Every structure is written in structure tokens, then in C-alpha cells.
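My questions will all concern the structure given below.
Residue numbers start from 1 in every chain, and the chains themselves are labelled A, B, ... in the order their sequence lines are given, proteins ahead of strands. Note that the coordinates shown come from a computational prediction; the quantities given were computed from them, not determined experimentally.
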Amino acid sequence: MLSVLQTLRHQLQGALERAWPEAAAAARATGQPLDPQLEPASRPEFGDFQANGALPLAKPLRQSPRAIASAVVERLAADPAFTALCLPPEIAGPGFINLTLRPEVLAAEVARRVGDPRLGVPLATAPPVAGAQAFAGGSDAPVPGDAAVAPIPLDPVIVDFSSPNIAKEMHVGHLRSTIIGDCLARVLEFRGHPVLRLNHVGDWGTQFGMLITHLKEVAPEALERADAIDLGDLVSFYRQAKQRFDTDPAFQAASREEVVRLQGGDPLSLKAWTLLCDQSRREFQRIYDRLDIVVQERGESFYNPLLPAVVDDLRAAGLLVEDAGADCVFLDPDKPPVIVRKSDGGFNYATTDLAAIRWRFAPPPKGDGARRLIYVTDAGQASHFAAVFAVAQRAGWVPPGGRLEHVPFGLVQGDDGKKLKTRSGDTVRLKDLLDEAVQRAEADLRARLAEEGRQEEEAFIQEVATAVGLGAVKYADLSTNRITNYQFRFDRMLALQGNTAPYLLYALVRLAGLARKGGEHFPASAREGSLPPLQFSEPREWALVRHLLSFDAVIVEVEEELLPNRLCGWLFELSQVFNRFYDQVPVLKAPPEARVSRLALCRLTADTLRLGLQLLGIQTLSRM
RNA sequence: GGGGCUGUAGCUCAGCCGGAUAGAGCGACGGUUUCCUAAACCGUAGGUCGUGGGUUCGAGUCCCGCCAGCCCCGCCA
């Protein structure tokens with residue numbers, strides 16, 4: 001109900017200004033107009049919204065907060081636009097103004113969303129030009145959809161996520177970036193942003209020297225044939241190469257020469273490099289397909305030709321300093337510099353990251369023309385990104401209004417609170433982890449079926465186990481605040497109760513059951529004109545109504561804060577509120593006059609839950 | 001040594017721009033099924049928000065100090 005909130009905010013501000021015209025004018029003159037501080041109510045008994053603004057005004061206005069509040073309420077009562085929306089406001093506590101929307105306003109808001117594919121969430125609009133933001137209403141970002149503005153094409157948002165390394169297997173370390181990045185991209189896309197999902201794979205660098213050298217020795221025939229060979233277990237291949245590199249000086253020397261050949265564009269080296277990349281790509285794609293994740297590969301090698309320009313730019317900007325033979329940018333004379341060219345003349349990862357920023361902000365055709373760059377990597381890289389971002393700023397590559405955001409996340413830990421490992425101490429392969437989640441979900445399901453004496457097709461069992469298992473892994477990751485480390489526990493994430501994927505999926509299954517059994521009464525859409533005015537009476541109906549109407553707020557919040565756990569928490573609450581409703585309020589067996597409204601409410605709940613899970617990247621079910 | 005993140009119930013975690021009496025889930029204990037999937041619902045117990053100051057009408061939230069844990073810190077990504 002962002003638009004209602006915005007409307008009320010203007011009305012309150014108007015009331016405030018009518019009550020104290022001089023103070024309001026003075027406040028405006030300072031650029032800080034009187035703020036009613038309207039926000040969603042902190043408790044249900046306070047109504048829908050609360051205005052806290054009277055309290056801080058007590059001192060400047062030399063009146064008691066309650067007197068200020070009652071003056072505002074008086075003006076509001078005289079505003080027909082306000083009384084059409086709200087019941088008479090109440091003044092509570094030290095001077096809070098509590099607002100409750102009229103039941104028919106809430107019901108109409110619900111009706112408007114039934115059958116609406118966007119479920120009340122507006123499309124994003126172009127941000128205002130910097131400096132042109134001052135309008136009545138304070139510091140709030142304008143709510144899109146509030147006014148009928150001609151849509152301005154939005155600049156792309158880049159989400160840089162997943163980013164495994166070629167010739168290595170995806171492991172738990174890639175899990176969070178992949179899942180969180182995909183979720184953020186989905187939310188941004190839903191809001192209407194053109195999103196570039198970029199997989200910044202590690203496909204360039206010194207490790208290829210040893211890999212190619214090893215490949216040339218182990219499988220020279222691969223370089224002769226046109227088609228890529230199957231290297232089998234890439235991980236063990238990598239290990240072999242690494243081991244030889246660490247123990248065999250001759251191999252080491254050969255590897256170093258190989259790096260030079262590769263960077264010099266030697267055809268045979270390039271062929272070997274391509275083979276390794278193709279092989280890895282196929283492995284990665286299996287995981288992405290399984291997780292239903294779309295990401296476009298644009299590895300480090302893409303920026304290779306762009307690296308010299310980075311150094312040139314920095315030099316031209318007067319930022320480069322040579323130190324111990326390396327080209328450096330000193331952000332702070334007392335701290336280690338950002339090295340953009342090593343003493344041996346080679347570039348390193350900072351250079352690549354800088355080249356990426358430069359390219360991504362630059363207008364097409366020599367760049368992506370992006371407005372917002374989002375990097376989803378572990379928190380350990382925070383200082384690296386802070387430094388690189390600062391260099392990009394100083395170099396002038398960030399356009400006005402351009403945003404550079406590192407989206408850090410914590411470690412995946414085991415039960416012991418340490419970095420997750422297998423029993424033998426190896427890193428856990430992502431594939432194994434997903435397999436186990438699905439297997440456990442399947443075992444749970446089979447046990448349940450046996451217990452309940454249910455017979456189900458094998459295909460059904462596989463579908464449910466997959467959706468539950470993979471959904472549980474994703475949800476467990478997304479539902480905690482990403483900045484903290486999180487404990488990976490199968491039993492917890494697959495638990496049938498609590499803040500888990502299965503709990504949410506089950507709520508949707510209940511709703512799907514209602515739709516199946518009451519399908520002929522399930523309203524398709526309010527827009528077809530078949531929906532009578534909705535009426536609600538039960539407290540649990542109203543709780544569901546109110547929660548559903550805050551969907552737009554949580555989506556916009558995730559878009560801005562890039563915190564998927566906010567959406568998870570909201571969906572969990574929705575499931576809880578629905579389950580309480582379902583437990584106590586009959587739907588199909590309701591009297592006819594109540595049934596239509598309840599079915600409409602269920603329809604909206606189901607659509608919202610389905611959309612929410614879809615934005616998390618979680619497959620939904622109609623039976624389980 | 002410098003920097004970052006974290007510290008909230010037994011456990012795992014929320015807590016939005018500083019707002020009213022601190023919120024879930026799990027676990028524990030107790031209750032609910034003639035009724036749309038009980039994978040559910042209802043209730044009880046459980047807190048010095050690491051710690052000491054400060055800012056203010058009001059601090060888990062902002063500022064400073066301290067303690068503890070984790071992470072990063074010149075040619076790896």
C-alpha cells in the first residue's frame with residue numbers, strides 16, 4: 001500500500017502545515033519541511049499507520065506533543081479526502097497519531113489486486129535527476145505508479161554473481177553468491193529493470209599455465225581433434241596439475257612459459273584454454289539448470305584487451321605511482337596501495353575489476369551503459385571492493401547517479417560453527433550437497449506416504465522431493481540476513497515446520513487444494529467485472545488482508561536494500577497468517593455471501609505466495 | 001599494528017528512517033482433528049539486547065571507549 005501511504009503522508013503534512021503555517025514556512029526555508037513521520041503501525045492494535053511526528057515538534061512549537069497531535073487530527077477531520085480513507089484517528093501514548101483505514105478501502109485494495117499479474121507492485125521508474133528531488137513530502141523516494149508518468153527507459157542493472165573458477169568444481173563457496181544473486185536479479189527484473197546477470201568466471205590467470213601444460217602432456221590428442229574431449233573429473237585434473245606445479249621445478253618453469261604463450265595468443269595454447277573452459281562450462285551449466293538459474297558468462301578474459309586502457313586512464317588522471325616496480329594507486333598514503341600493474345608487467349585482479357567497472361558504466365557500444373552495479377561476493381572481499389570502487393570513483397568512471405554496491409555475505413558453516421567441510425575435511429561439492437538435500441526430502445516424503453497409507457506415482461515423488469530439497473537449500477540461505485555466517489543444517493532446513501521452504505510450500509498446497517475443490521467459484525479476476533464488492537468480517541480475514549497489502553513495500557525494500565531475507569520473512573509471515581485463517585475460517589463451506597470474498601482472498605494469497613517463491617527462485621507445488 | 005563484520009531467549013535467527021510493552025522459529029511443557037492436506041493451529045515458560053559512557057522527548061538501533069569471535073591487509077581472486 002505504498003501509494004496509500006504516500007497519499008496519507010501528503011495529507012498529514014498538509015494538516016501539519018495548516019496548523020502551523022509560520023513554523024512550516026520556516027522549516028521549508030531550511031530545506032527540512034515539517035515531517036509527520038508516517039510509517040506502518042508497529043503493532044496491529046495501533047491500526048494501519050502511525051504518525052510519530054508530533055513528538056519531536058514539541059520543543060520547537062512549545063506545545064505538548066498531544067496538543068500538537070490533536071491539532072493535526074482536527075485538520076485531518078476537516079479533510080474529506082482523508083476521511084474517505086481513514087476512520088477517525090486516535091491519539092495514543094505520549095502523542096502518536098494512529099490511523100486505521102476504512103474497511104471498504106482495504107477491501108477495494110484487495111479487489112484491485114485479484115487477477116492483477118503484478119499484484120499491486122508498481123514498475124520501477126527512472127530515478128529523478130540528482131538535485132531535482134526536493135518536493136513536498138520530505139526525503140522519501142517518489143513512489144512509482146503514484147502518478148501517470150510516461151515511462152522512461154531504465155538503464156541496466158548489473159548483478160555480478162556466482163563466478164566459479166574454470167577447471168574447478170562448484171562447491172559450497174559458490175552456493176550463496178549463486179542463490180542470492182539470482183534472487184536479487186529476479187526481484188530487480190520483476191520491478192522492471194533491464195538486468196544483466198553476469199557470471200564473472202575465473203577463466204584467465206596464472207593457474208592456466210599449469211593446467212595447459214598438464215593437459216598438453218596428459219592428453220595431447222585433445223588438441224588435435226576438433227571436438228572437445230571429456231576430461232572426466234576436472235577437480236582431480238586440477239589437483240594433479242597443482243601437485244606437479246608444487247613439486248616439479250621443471251613443470252613450474254614450463255607453466256610460466258605457457259602463461260606467456262597464452263597471453264601472447266598462441267593458437268595451440270588458446271585451443272587448450274578453450275577446451276578447459278568448454279569442459280567447465282558444461283559442468284557449471286548442469287548445476288545452473290538444476291537450480292533454475294540463468295546467468296550469462298562473461299569471464300575475466302573478456303576484460304583482457306581492456307586492461308591497458310585502465311592503466312592509461314589512471315595515469316592520465318594522475319593517480320598512478322610507481323612503487324617497487326609496480327604501478328600503484330595510493331588511496332591513503334599510509335595504507336597498502338591498489339596495484340594495477342605488477343612489477344613483472346602483468347595485470348592482476350584489481351585491474352580486471354577496474355576494467356569491468358569502466359566497461360559496465362560506459363555507454364554502448366563500448367560498454368553496458370549500466371546505472372547500478374551489484375557484486376554478490378563473500379564478505380572477505382569487502383576491503384578489496386571498497387578500494388576498487390574508490391579508485392573507479394577517482395578515475396571518473398562512475399556516472400552521476402551511478403551506484404556501485406558490494407553485496408557481501410558470510411560463510412557457510414557446519415554444525416561446529418566452522419567452515420563447512422566433508423567428514424574427510426574436503427570442501428563440499430555443490431552437486432553432492434544438492435543430491436543429499438533431494439535424497440533426504442525424498443526419504444521424508446516416502447516415510448510420510450507410508451505413514452498415511454498414501455499411494456503416489458514415482459514421478460510425483462521425484463517432483464516433490466526435488467522441489468522440497470532444492471527449495472529448502474535455497475530458502476535456508478536466503479532467509480537469514482546474508483551478512484552473517486550461516487549454519488548449514490539439512491535437518492533444520494528440511495524441517496516440516498518453522499521458517500522453512502516446506503512450510504511455505506505446504507501453505508501453497510493448501511491453497512491449491514481449495515482452488516481444486518472450489519475451482520468453479522474461484523474468481524479469475526476483478527477486472528472481468530465478475531467480482532462483487534468484497535466483505536470481510538473475521539479478525540483472521542483482516543489480518544490476511546492487511547498483510548497481503550504490504551507486498552509492494554517489501555518488494556521495493558528488497559530492490560533497495562538487496563536483502564532477500566526480508567522477502568523470506570514476509571512470506572513466512574504470510575504463510576502463518578494464512579494458516580491461522582485457514583484453521584479457523586471456513587472457505588468452501590462458508591455461507592455464500594462470505595464465500596466469494598474469502599475465495600478472492602485465497603486467490604490473492606496463492607498468487608502472492610507463488611510469485612514470492614518465484615522471486616526467491618523456488619519451484620512451487622500444488623500437491624505434496 | 002591498521003581496517004571490516006559479528007555479539008539479542010537453551011539453540012538458530014529477525015528487528016526497516018531512533019518510536020509505544022523486545023519478536024519469530026526450533027527445542028521444552030500443555031492443549032486442539034465428525035469439518036477445505038494436522039507438513040497445521042492454540043497456549044505456557046524462557047531476555048542485564050557483549051560491556052561502560054555519551055547524544056535526546058525517546059536507544060537493541062546513532063556516537064566514543066573496552067571485551068570476545070571471525071575475516072581482510074603490495075604484486076592470488
Side-chain angles (χ1 to χ4, degrees), chain A residues 35 37 39-43 45-46 50 52 55-56 58-59 65 92-96 98 138-140 163 165 200 202 205-207 300 323-328 332 334-344 346-350 352-353 377-384 386-387 408 410-411 413 417-419 444-445 448 452 454 468 479-481 483-487 489 491-492 495-500 502-503 505-507 509-518 553-554 557 560-561 563 565-566 568-569 572-573 575-576 579-580 582-584 586-590 602 623-624:
Chain A
D35 184 1
Q37 295 192 12
E39 49 188 69
S42 58
R43 294 163 165 275
E45 57 268 33
F46 299 154
Q50 64 183 61
N52 306 330
L55 282 80
K59 199 176 271 182
F96 299 105
N98 290 339
S139 57
D140 299 286
S163 310
N165 288 317
H200 192 78
T206 47
Q207 77 273 22
E300 290 167 355
D323 195 87
D327 286 332
C328 305
D332 179 332
D334 300 328
K335 289 182 186 170
V338 174
I339 294 176
V340 295
R341 178 152 31 199
K342 300 186 283 184
S343 50
D344 68 2
F347 302 105
N348 64 3
Y349 61 97
T352 307
D353 283 339
T377 80
D378 67 277
Q381 296 187 49
S383 48
H384 162 67
L411 250 54
Q413 301 173 316
K418 292 183 181 163
K419 199 171 168 183
D444 279 358
L445 177 61
R448 188 173 314 283
E452 295 172 7
R454 275 168 67 188
V468 170
S479 60
T480 122
N481 188 320
I483 195 71
T484 54
N485 295 342
Y486 106 96
Q487 261 187 31
R489 287 185 52 175
D491 53 353
R492 196 175 287 152
L496 310 167
Q497 60 277 95
N499 188 4
T500 64
Y503 180 86
L505 290 172
Y506 177 65
V509 162
R510 283 182 143 181
L511 283 156
L514 282 177
R516 262 198 310 277
K517 299 203 172 163
V554 77
E557 195 179 307
E560 197 50 36
E561 311 284 333
L563 291 172
N565 66 303
R566 295 271 165 82
C568 292
F572 175 55
E573 234 174 287
S575 304
Q576 279 185 312
N579 274 328
R580 286 176 196 139
Y582 182 90
D583 190 61
Q584 216 177 66
V587 178
L588 298 178
K589 289 170 185 166
C602 288
R623 290 199 310 125
M624 65 190 278

Practice prompt. Check every strand shown and say whether Thr480(A) touches a base, only sugar-phosphate, or nothing at a heavy-atom separation below 4.0 Å.
Written response: sugar-phosphate
Item to complete: Look through every strand shown and name the nucleotide pairing with rG18(B) as Watson-Crick or G-U wobble, where both distances are under 3.5 Å.
Response: none
Item to complete: Would you tell me if any nitrogen or oxygen in the side chain of Thr500(A) comes within less than 4.0 Å of OP1 or OP2 on rG25(B)?
Response: no
Response to the item:
With the side chain defined as heavy atoms from C-beta on, Arg43(A) is closest, among rC57(B), rA20(B), rC16(B), to rA20(B)
Worksheet, complete the sentence: In short, Lys517(A) meets Leu588(A) closest at the heavy-atom pair CB-CD1, 3.6 Å
Item to complete: Whole angstrom is fine here: how far is it from CD1 in Ile483(A) over to P in rC13(B)?
Response: 14 Å
Discussion item. Suppose we define a pair by two distances each less than 3.5 Å, Watson-Crick or G-U wobble; what does rG23(B) pair with here?
Written reply: rC13(B)
Discussion item. Applying a 4.0 Å non-hydrogen cut-off, can you work out what Asn485(A) is touching in the nucleic acid: base, sugar-phosphate, or nothing?
Written reply: sugar-phosphate
Discussion item. Could you identify the nucleotide paired to rC41(B), looking across every strand shown and requiring Watson-Crick or G-U wobble geometry with both distances under 3.5 Å?
Written reply: rG31(B)
Worksheet, complete the sentence: Of the listed rA20(B), rC5(B), rA14(B), the closest approach to the Phe96(A) side chain comes from rA20(B)
Worksheet item: Considering only the P atoms, how many Å lie between rA14(B) and rG52(B), rounded to the nearest integer?
Response: 24 Å
Worksheet item: In whole Å, what is the span from the CD atom of Gln381(A) to the C1' atom of rG3(B)?
Response: 16 Å
Worksheet item: With a 4.0 Å cut-off on heavy atoms, is Gly380(A) in touch with a base, just the backbone sugar-phosphate, or nothing at all?
Response: sugar-phosphate
Worksheet entry | P atoms of rC16(B) and rU61(B), separation to the nearest Å | 11 Å
Discussion item. Does Pro56(A) reach a base, just sugar-phosphate, or nothing at all? Heavy atoms under 4.0 Å.
Written reply: base
Worksheet item: Do the side chains of Asn348(A) and Ile339(A) get nearer than 4.5 Å, heavy atoms only?
Response: yes
Response to the item:
Note: Ala379(A) and Pro408(A) closest approach over all heavy atoms is CA-CB, 3.7 Å
Discussion item. Heavy atoms from C-beta onward define the side chain here; which of rC57(B), rG74(B), rG19(B) lies closest to that of Lys59(A)?
Written reply: rC57(B)
Fill in: Thr352(A) side chain reached by His200(A) side chain, heavy atoms, under 4.5 Å
yes
Worksheet item: If you measure only the distance, is there a donor-acceptor pair under 3.5 Å linking the side chains of Asn52(A) and Gln50(A)?
Response: yes
Worksheet item: Taking the C1' atom of each, how far is rU37(B) from rA77(B), in whole Å?
Response: 49 Å
Worksheet item: Hey, does Asn565(A) reach any base, or is it just sugar-phosphate, or nothing, if we go heavy atoms under 4.0 Å?
Response: sugar-phosphate
Worksheet item: Which pair of heavy atoms, one from Leu514(A) and one from Cys602(A), lies closest together, and at what distance?
Response: CD1-SG, 3.6 Å
Item to complete: Would you mind pulling out the nucleotide paired to rG65(B), Watson-Crick or G-U wobble, both distances under 3.5 Å?
Response: rU51(B)
Item to complete: Determine the interatomic distance between P on rC26(B) and the same-named atom on rA39(B); round to the nearest Å.
Response: 14 Å
Worksheet item: With no hydrogens and no angle check, is any side-chain donor or acceptor of Thr500(A) less than 3.5 Å from a backbone partner on Ala495(A)?
Response: yes
Discussion item. Roughly how many Å apart are rG27(B) and rA20(B), using the C1' atom of each and rounding to a whole number?
Written reply: 32 Å
Worksheet item: rG58(B) pairs with which nucleotide, Watson-Crick or G-U wobble, both distances below 3.5 Å?
Response: none
Discussion item. Does the protein touch nucleotides 35-40 of chain B at the base, only the backbone, or not at all? Give it as B, S and - per nucleotide, heavy atoms under 4.0 Å.
Written reply: SBBSBS
Discussion item. Does rA14(B) have OP1 or OP2 under 4.0 Å away from a side-chain N or O of Thr484(A)?
Written reply: yes
Worksheet item: Is the aromatic ring of Phe46(A) within stacking range of rA20(B), meaning centres under 5.5 angstrom and planes under 30 degrees?
Response: yes
Discussion item. Just to be sure I understand the rule, does Ala386(A) reach a base, reach only the sugar-phosphate, or reach nothing, if contact means heavy atoms closer than 4.0 Å?
Written reply: nothing
Fill in: For atom CG of Asn499(A) and atom C1' of rU12(B), their distance in whole Å
11 Å
Practice prompt. Could you give the distance separating rG47(B) and rG74(B) at their C1' atoms, to the nearest angstrom?
Written response: 47 Å
Worksheet item: Can you tell which of rA24(B), rC16(B), rC13(B) lies closest to the side chain of Gln576(A)?
Response: rA24(B)
Worksheet item: With a non-hydrogen cut-off below 4.0 angstrom, is Ala326(A) in contact with a base, only sugar-phosphate, or nothing?
Response: base
Practice prompt. For the pair Asp327(A) (side chain) and Arg341(A) (backbone), establish whether a donor and an acceptor sit closer than 3.5 Å, ignoring hydrogens and angles.
Written response: no
Practice prompt. Just call it for Ala350(A): base, sugar-phosphate, or nothing, with non-hydrogen atoms closer than 4.0 Å on any strand.
Written response: nothing
Practice prompt. Pick the C1' atom in rC62(B) and in rC49(B), then give their distance to the nearest Å.
Written response: 16 Å
Response to the item:
note: Leu563(A), atom CG; rC16(B), atom C1'; distance rounded to Å ~ 10 Å
Worksheet item: For rU6(B), does OP1 or OP2 lie under 4.0 Å from any side-chain N or O of Asn481(A)?
Response: no
Discussion item. Checking understanding here: a glycosidic angle within 90° of 0 is syn, the rest anti, so what is rC26(B)?
Written reply: anti
Worksheet item: Are Gln381(A) and Asp378(A) close enough that a side-chain donor and a side-chain acceptor fall under 3.5 Å?
Response: yes
Worksheet item: If you measure from the P atom in rC57(B) to the same atom in rC70(B), how many Å do you get, rounded?
Response: 41 Å
Discussion item. If the cut-off is 4.0 Å, is Arg492(A) near the phosphate of rG27(B), judged by side-chain N/O to OP1 or OP2?
Written reply: no
Discussion item. Looking at the base of rA20(B), is there any donor atom on it, or on the side chain of Asn98(A), that sits under 3.5 Å from an acceptor on the other one?
Written reply: yes
Worksheet, complete the sentence: Of Arg341(A) and Leu411(A), the one whose nearest nucleotide on RNA chain B sits closer to the 5' end is Leu411(A)
Worksheet item: Between rG74(B), rU6(B), rA20(B), which nucleotide gets closest to the side-chain atoms of Ser42(A)?
Response: rA20(B)
Worksheet entry | Polar side chain donor-acceptor pair, Asn579(A) to Tyr503(A), under 3.5 angstrom | yes
